[in-house]
Student: 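I have a structure here, written as structure tokens, and I will follow up with some questions on it.
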Amino acid sequence: MSKRESIAGDIITKLDAVSSPIEFKLIKREPFEPEELSQAQFPAVYIQTGDETREMLSLGDVGTGKRQGTIDFLIVGFVKGTDSNIDTLRNQLIEVVEETLDNDITRNGNALHTQIVEANTDEGVIFPYGGVRIVVRVLYEFVRGTS
């Protein structure tokens, strides 16, 4: 398995293990529509591997050698609430994702660093659902052919 896939898998594993203060009821790798979910499936998230930048770390043949990559993983989360708690639920989801991923910034030894670089909300546009978009930036090293 590539390091990219191992890192994505670790993010899912860590979020799936959360049980307090919230427990994710649905975690997927593919997008879904929140209105198609039952009440029992909230909070829900999907994780997708996004943009990546790479650079050579070793000199020599371009086809071989050590490289470094920076991948942005996109976590899109949904909560369902009322007009009196939707903002609180969105904030709670962001906080849980950040605290959970900060507990192991090496993504189980596959990365050098993990950082939340962006967190956005839907600002009430999809009420009674609340949506968040979190960008997780992961720095890692690999040898060409094993990324």
Student: Any side-chain heavy-atom pair from Asp16 and Val18 closer than 4.5 angstrom?
Tutor: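 Side-chain contact under 4.5 Å: no.
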Student: Can you tell me how far apart CD (Gln41) and CD (Gln39) are? Round to the nearest 0.5 Å.
Tutor: 10.0 Å
Student: Which residue in the set Thr53, Val135, Thr49 passes side chain to side chain contact (heavy atoms under 4.5 Å, CB included) when paired with Asp72?
Tutor: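 Going through Thr53, Val135, Thr49 one by one, the side chain to side chain contact (heavy atoms under 4.5 Å, CB included) with Asp72 is satisfied by Val135 alone.
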Student: So, taking the atom named CZ in Phe142 and the one named CG in Asn110, what distance separates them when rounded to the nearest 0.5 Å?
Tutor: 13.0 Å
Student: If two hydrophobic side chains count as joined below 4.5 Å and joins carry through other members, does Phe78 share a cluster with Val97?
Tutor: no
Student: Identify the heavy atoms of Lys80 and Ile86 that sit nearest to each other, and give their distance.
Tutor: C-CD1, 4.2 Å
Student: Looking only at heavy atoms, which two atoms of Ser2 and Glu5 are closest? And how far apart?
Tutor: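 So the two residues come closest at OG-N, 3.1 Å.
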Student: Taking the side chain as every heavy atom from C-beta outward, state whether Leu15 and Ile47 have any atom pair closer than 4.5 Å.
Tutor: yes
Student: Does the side chain of Val136 come within less than 4.5 Å of Val117's, by heavy atoms?
Tutor: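 Val117 vs Val136: side chains apart.
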Student: Are any side-chain N or O atoms of Thr121 and backbone N or O atoms of Glu123, one a donor and one an acceptor, separated by less than 3.5 Å?
Tutor: yes
Student: Could you see if Phe32 belongs to whatever hydrophobic cluster contains Ile126? Use Ile, Leu, Val, Met, Phe, Trp, Tyr and a side-chain cutoff under 4.5 Å.
Tutor: yes
Student: One pair to check against salt bridge (Lys or Arg N to Asp or Glu O under 4.0 Å): Glu99 and Lys14. What are the steps and the verdict?
Tutor: CA-CA 11 Å; Glu99 288 180 3; Lys14 298 291 182 2; over 6 Å; no
Student: More than 12 heavy atoms of other residues, nucleotides or ligands under 6.0 Å from CD of Gln48: yes or no?
Tutor: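 Atom CD in Gln48 is packed in, count exceeds 12.
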Student: Could you tell me which non-hydrogen atom of Arg137 sits nearest to which non-hydrogen atom of Thr70, and how far apart they are?
Tutor: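 Between these two residues, the closest heavy atoms are CG-CG2, 3.4 Å.
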Student: Donor-acceptor pair, distance only, cut-off 3.5 Å: does the side chain of Asn91 make one with the backbone of Thr88?
Tutor: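 Not confirmed, Asn91 side chain does not pair with Thr88 backbone.
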Student: Using 4.0 Å as the upper bound for N to carboxylate O, is an ion pair formed by Asp122 and Arg133?
Tutor: no
Student: Test side chain to side chain contact (heavy atoms under 4.5 Å, CB included) on Lys25 and Phe42; report intermediate values, then the result.
Tutor: CA-CA 6 Å; Lys25 304 297 184 182; Phe42 289 96; 5.8 Å; no
Student: For the CD1 atom of Ile75 and the CZ atom of Phe24, what is their distance to the nearest 0.5 Å?
Tutor: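 Atom-to-atom, Ile75:CD1 and Phe24:CZ are 8.0 Å apart.
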Student: Linking I/L/V/M/F/W/Y whenever their side-chain heavy atoms sit closer than 4.5 Å, directly or via other members, would Leu74 and Leu26 fall into one cluster?
Tutor: yes
Student: Decide yes or no for Ile134 and Ile94: does some side-chain heavy atom of the first lie under 4.5 Å from some side-chain heavy atom of the second?
Tutor: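 In contact.
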Student: Where do Val45 and Gly77 come nearest, in terms of heavy atoms and distance?
Tutor: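 Nearest pair, atom of Val45 first, then Gly77: CG1-CA, 3.6 Å.
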Student: Provide the closest heavy-atom pair for Pro21 versus Gln92 in the form atom of the first, atom of the second, distance.
Tutor: CB-NE2, 3.7 Å
Student: Let me confirm one number: the CG-CG distance from Leu93 to Leu89, rounded to the nearest 0.5 Å.
Tutor: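 The distance works out to 9.0 Å.
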Student: Decide side chain to side chain contact (heavy atoms under 4.5 Å, CB included) for Val138 and His113; before the verdict, give the C-alpha distance in whole Å, the side-chain angles of both, and the deciding distance to 0.1 Å.
Tutor: CA-CA 6 Å; Val138 178; His113 188 67; over 6 Å; no
Student: Knowing that exactly one of Arg67, Lys66, Lys3 qualifies, which makes a side chain to side chain donor-acceptor pair (under 3.5 Å) with Glu141?
Tutor: Lys66
Student: Decide yes or no for Ile27 and Tyr46: does some side-chain heavy atom of the first lie under 4.5 Å from some side-chain heavy atom of the second?
Tutor: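 No, too far: nothing below the 4.5 Å cut-off.
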Student: Kindly compute the distance separating CG (Asp104) from CD1 (Ile11), expressed to the nearest 0.5 Å.
Tutor: 10.5 Å
Student: Do Val79 and Ile116 belong together in a cluster built from hydrophobic side chains that touch within less than 4.5 Å?
Tutor: yes
Student: Can you see which heavy atom on Leu37 is nearest to which on Ala44, and at what distance?
Tutor: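 The answer is CD1-CB, 3.8 Å.
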Student: Kindly compute the distance separating OG (Ser6) from OH (Tyr140), expressed to the nearest 0.5 Å.
Tutor: 10.5 Å
Student: Report yes or no: do Ile12 and Phe73 belong to one cluster of Ile/Leu/Val/Met/Phe/Trp/Tyr joined by side chain heavy-atom distances under 4.5 Å?
Tutor: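 Yes; tracing contacts between hydrophobic side chains, which count when under 4.5 Å, links both residues.
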